[in-house]
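Below you'll find the structure, written out as structure tokens, and then a few comments.
Read the numbers this way: they start at 1 and go in the same order the structure lists the ligands and their atoms. Since this is a predicted model, take the numbers as computed values, not measurements.
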Amino acid sequence: MKISSWGRLSQDKHHVISLSDHHQAAGLIQQSNPGICFGNGRSYGDVCLNPGGTLWQTSTLNRFIHFDEQTGRLRCEAGVLLRDIQRTLVPRGWMLPVTPGTQLITVGGAIANDVHGKNHHVLGSFGDHVHAFRLLKTDGTLLDCSPHTNLFKATIGGMGLTGIILDAELQLRAIKSPWLTTDTVPYHSLDEFFELADASEQAWEHTVSWIDCLSGSQARGIFLRANHADAAPAGNKAPSAKQLTMPLTPPLSLVNGLSLRPFNELYYRLQARKAGPSVAHYEPFSYPLDALQHWNRMYGPRGFYQYQCVVPRTNARDAIAALLDSIRHAGAGSFLAVLKTFGDRPAPGLLSFPMPGATLALDFPNKGSKTLQLFSVLDNIVREAGGRLYAAKDARMPADMFAAGYPNVPEFLTHRDPGISSAMSRRLFGS
Ligand SMILES: Cc1cc2nc3c(=O)[nH]c(=O)nc-3n(C[C@H](O)[C@H](O)[C@H](O)COP(=O)(O)OP(=O)(O)OC[C@H]3O[C@@H](n4cnc5c(N)ncnc54)[C@H](O)[C@@H]3O)c2cc1C
């Protein structure tokens with residue numbers, strides 16, 4: 001079966017095997033390794049791909065196992081979507097503490113990339129809220145893993161390379177309502193962005209910003225901050241569950257030099273008009289892109305890359321300015337550009353992406369060598385700043401850049417399962 005990840009950069013044949021329970025999975029995996037788990041394919045690059053080889057599809061491991069209404073502890077299988085957890089348990093007063101910009105991902109995918117949300121400075125990453133999981137090794141061994149064990153730390157953010165997560169126990173957080181009080185603040189320079197981020201850390205749980213990638217180091221953008229509200233505001237209705245769909249793939253990317261500048265101008269002006277306090281339901285605030293199914297088709301048949309880096313706080317301002325200047329000179333990027341800060345918290349995984357600093361994430365339509373050349377320039381800026389790239393978004397980072405950015409690689413490799421292999425693992429670690 002031909003399979004793509006979210007960036008649609010390739011469409012290679014895979015031998016897909018659906019896992020449905022522990023015993024069936026153990027037998028199938030022993031016969032079909034090497035392979036790699038495929039959750040919901042929301043990673044942008046090759047972390048979940050194994051061209052010409054086996055994919056273990058985990059979306060069929062989709063059962064809730066137990067929920068304790070008193071403590072907020074949930075045990076569920078690894079293929080359950082975060083959206084299903086949220087929609088089932090939010091009405092009962094419990095929510096996942098950390099979710100990324102889409103809720104259409106599986107629990108296994110959230111653990112394997114140790115995903116982060118807009119509240120890293122308060123609640124860390126997804127792995128900080130995992131109490132335990134069961135890990136199936138490709139030799140058939142089943143292990144119960146809990147925090148403070150090395151295999152647990154290697155699996156959180158371990159890109160699916162330590163074993164197959166069958167189910168996990170998660171700690172949810174209590175909420176009083178599904179609503180957020182929000183504040184929208186336009187900014188006009190990177191200095192202003194960092195001042196806003198610093199000033200918001202104490203009082204606001206969620207912080208994020210859209211940045212105009214063509215504004216270079218002048219950097220204008222829209223800063224959003226939010227807190228959970230105690231009650232639904234009078235007269236506000238929950239958003240409709242209706243989704244729009246991008247019906248087909250256009251022959252050329254709709255994101256190009258002609259569309260980008262006017263779109264950014266329009267978006268900035270429209271958002272700036274909303275400046276000030278407001279209220280929002282958690283779904284449209286946290287997952288705006290989920291409202292348009294298959295939005296990734298807009299980049300045309302050649303697909304797109306996402307480049308997401310994090311740079312340490314000390315030199316973040318200069319590094320982000322240099323990145324934005326390079327992107328502006330290349331006339332590249334897209335309107336999906338996010339700048340936010342991470343808090344100063346110890347990472348739960350050996351290969352967790354977040355570090356104290358600022359993270360920039362941008363989509364780039366795939367223009368072949370032109371795009372890759374720009375990435376080499378960006379890589380040098382990130383390396384010099386002591387930063388790193390995010391595996392969940394990556395499809396091309398060189399192995400030496402990964403090794404330089406992730407000092408725990410040697411320890412991680414001692415926990416690798418030899419029966420697991422992906423396009424990314426071969427690129428970053430060799431065989
Ligand atoms: C619109 C959008 C917004 C996003 N925003 C963010 C964001 O804000 N923050 C962020 O951190 N990420 C973000 N992401 C990335 C996304 O959260 C991650 O790529 C996530 O890991 C995808 O999960 P998935 O279930 O689709 O897994 P896949 O993409 O299918 O797989 C991801 C990894 O998990 C492994 N895996 C999956 N299931 C298992 C299992 N049962 N056992 C072992 N390994 C397993 C796979 O082998 C692979 O290595 C975003 C993605 C999109 C499309």
(request) Check each of I222, L362, N264, L360 against I211 using the side chain to side chain contact (heavy atoms under 4.5 Å, CB included) test, and report the only one that passes. (result)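 The single option meeting the side chain to side chain contact (heavy atoms under 4.5 Å, CB included) with I211 is L360.
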(message) According to salt bridge (Lys or Arg N to Asp or Glu O under 4.0 Å), does anything in residues 30-49 pair up with another residue at least two apart or in another chain? List the pairs.
(response) D46-R427
(request) Please collect all salt bridge (Lys or Arg N to Asp or Glu O under 4.0 Å) contacts where either partner lies in residues 336-359, sequence neighbours excluded, each pair once. (result) none
(message) Are F304 and Y44 an aromatic pair, judged by ring center distance below 6.0 Å?
(response) yes
(message) Tell me which residues fall inside the under-4.0 Å heavy-atom shell around ligand 1.
(response) W6, I36, C37, F38, G39, N40, G41, R42, S43, Y44, V47, C48, T58, A78, P100, G101, T102, I105, T106, G108, G109, A112, N113, V115, H116, M159, G160, G163, I164, I165, L289, W295, K340, Y390, A392, K393
(message) Quick check on salt bridge (Lys or Arg N to Asp or Glu O under 4.0 Å): which of R269, R328, R220 does D212 satisfy it with?
(response)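 Of the listed options, the one satisfying the test is R220.
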(message) Tell me every residue that passes ring pair (Phe, Tyr, Trp, His ring centres under 6.0 Å) with F223, counting only those two or more places apart in sequence or in another chain.
(response)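 Testing F223 for ring pair (Phe, Tyr, Trp, His ring centres under 6.0 Å), a comparison that skips the adjacent residues, returns F193.
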